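These numbers were taken from a predicted model, which means no experiment stands behind them. Chain letters run A, B, ... following the sequence lines, proteins first, then strands; residues in each count from 1.
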Protein chains: 2
Amino acid sequence: MLPAGEPKFRRRKADRPGEILAAALAVFAERGFAAARLDEIAARAGVSKGALYLYFETKEEIFRAVVGQMIAPNMLAIRAMVAAHPGPLPDLLRAAGARIAALVDVAPLGAVAKMVIGEARNFPELARVWHDELVVHALGALTDAVAAAQARGEVRPGDPRTFAIQLVGPILMGVMWRETFVPVGAEPFDLPAVAHQHVETMIRGMAA
Amino acid sequence: MLPAGEPKFRRRKADRPGEILAAALAVFAERGFAAARLDEIAARAGVSKGALYLYFETKEEIFRAVVGQMIAPNMLAIRAMVAAHPGPLPDLLRAAGARIAALVDVAPLGAVAKMVIGEARNFPELARVWHDELVVHALGALTDAVAAAQARGEVRPGDPRTFAIQLVGPILMGVMWRETFVPVGAEPFDLPAVAHQHVETMIRGMAA
DNA sequence: TCGTAATAACTGACCGGTCAGTTATTAGTG
DNA sequence: CACTAATAACTGACCGGTCAGTTATTACGA
């Protein structure tokens with residue numbers, strides 16, 4: 001009756017949290033917070049639902065952990081990128097554009113961004129963390145770089161924070177396009193190509 | 001016990017659907033589809049929950065109606081705008097930028113857009129309608145205008161559809177910013193100002 | 001007084017969270 | 001090394017609350 005060699009489960013305390021979060025990321029990204037079922041997360045993690053509660057208190061805490069996971073590594077990447085290009089703004093923009101497009105093109109960063117946007121109303125404190133710890137810094141770094149370039153006379157007058165939005169907007173649009181309309185048959189965009197063309201356009205458009 | 005003159009309800013078959021959809025739009029925009037309660041929609045429409053089912057079959061149908069409602073009038077606005085500016089691209093862009101920013105700045109269009117994005121995975125056919133009947137035409141019109149300007153030698157080479165995304169992206173970003181981060185304490189953007197600066201930047205950046 | 005808009009009480013499915021019991025693993029004993 | 005006791009990871013049936021959708025009944029208008 002009972003399968004001889006095959007044990008019913010294994011005890012792998014150290015690995016579970018990571019596996020659960022990976023499964024949760026996938027399910028949350030597919031269904032959104034409310035429609036995500038803990039049973040499905042558990043099944044994909046190869047675990048029973050009860051086991052989830054050995055590692056996390058509530059569904060919300062799992063969600064928080066998934067989102068929080070994305071923050072630290074990306075902050076490091078941003079800081080490194082800005083630090084690596086203290087010179088003329090076009091250098092920074094070309095490097096950053098390519099890097100960010102590549103990042104967002106494969107990583108689950110785009111899916112998480114969409115979740116944060118989608119669930120912001122029901123989890124304001126989550127939007128706050130994402131904003132305070134990632135978005136503000138990223139946009140701030142870009143704003144500072146633009147302002148510095150203006151001070152150097154490289155960039156024409158204009159609100160630097162607005163220039164930052166102008167720079168980032170199309171990437172966000174591309175991600176939302178991919179997450180929203182491509183699954184429904186829309187023509188996809190080549191994100192790195194969009195980033196490249198946009199950076200070149202912005203460099204010309206911002207020139208003093 | 002029963003209030004003398006005040007009738008408990010009135011029969012207003014003709015007005016109900018509109019009132020229900022207005023209430024539903026508000027609640028869906030505030031909470032998202034899953035977290036929206038039919039009891040709350042009914043209460044805001046000044047009606048009992050059962051009454052909703054006299055006019056709509058399911059919660060989904062109400063949602064569909066709310067989203068569908070946004071399509072026709074905006075399509076007309078887009079067609080009119082493009083038709084009004086057959087000449088040089090900058091004229092069209094300046095007019096369209098101001099108009100769209102104003103539209104999105106007050107109308108519930110932004111809220112609905114966010115809902116479509118947020119619920120796309122759970123209601124693919126809704127994303128499809130929104131895409132096929134609104135987004136494709138809007139982006140297509142913009143793409144055609146850019147391509148025409150390229151043919152006239154006004155605009156430098158580059159993928160016209162990508163130029164269209166570049167043009168629209170920052171507006172979408174501004175809307176998402178308002179809907180996601182401003183309620184959480186983020187510094188808001190002046191959308192019309194962003195649109196203006198972006199249009200001017202893009203005009204320079206796209207020039208042949 | 002008849003037809004129906006509208007209500008309000010009701011139902012049943014669903015799902016987050018719990019917990020008593022099961023099983024893999026480790027530590028202890030001779 | 002074998003056997004067993006002790007531990008803790010893990011399971012899965014279950015419970016209670018919630019809420020979309022239904023229905024028996026009421027009240028308005030003609």
Answer yes or no on whether Arg178(A) is positioned over the face of Phe189(A), meaning its NZ or CZ is under 6.0 Å from the six-membered ring centre and within 45° of the axis. no

Do the numbers put Arg64(B) on top of the ring of Phe123(B), so that NZ or CZ is under 6.0 Å from the six-membered ring centre and no more than 45° off the axis? no

Among residues at least two apart in sequence or on other chains, which ones pass side-chain hydrogen bond (donor to acceptor under 3.5 Å, both in side chains) with Glu133(B)? none

So, taking the atom named CG in Asp132(B) and the one named CD in Glu125(B), what distance separates them when rounded to the nearest 0.5 Å? 11.0 Å

Hey, does Phe56(B) reach any base, or is it just sugar-phosphate, or nothing, if we go heavy atoms under 4.0 Å? nothing

Strictly below 4.0 Å: does Tyr55(B) bring a side-chain N or O up to OP1 or OP2 of dA6(C)? yes

Are OP1 or OP2 of dA24(C) and a side-chain N or O of Arg12(A) less than 4.0 angstrom apart? no

Taking NE2 in His85(A) as the centre, count heavy atoms belonging to other residues, nucleotides or ligands within less than 6.0 Å. Is the count above 12? yes

Could you state the atom-to-atom distance from CD1 of Ile20(B) to C1' of dA6(C) in whole Å? 11 Å

Protein-proximity profile, nucleotides 16-23 of chain D, B/S/- by nucleotide at the 4.0 Å heavy-atom cutoff, equals ---SBBB-

Listed nucleotide nearest any side-chain atom of Ser48(A), set dA9(D), dT11(D), dT7(C): dT11(D)

Give the ring-plane orientation class for Phe63(A) versus Phe28(A), where under 30° counts as parallel, over 60° as perpendicular and anything between as tilted. perpendicular

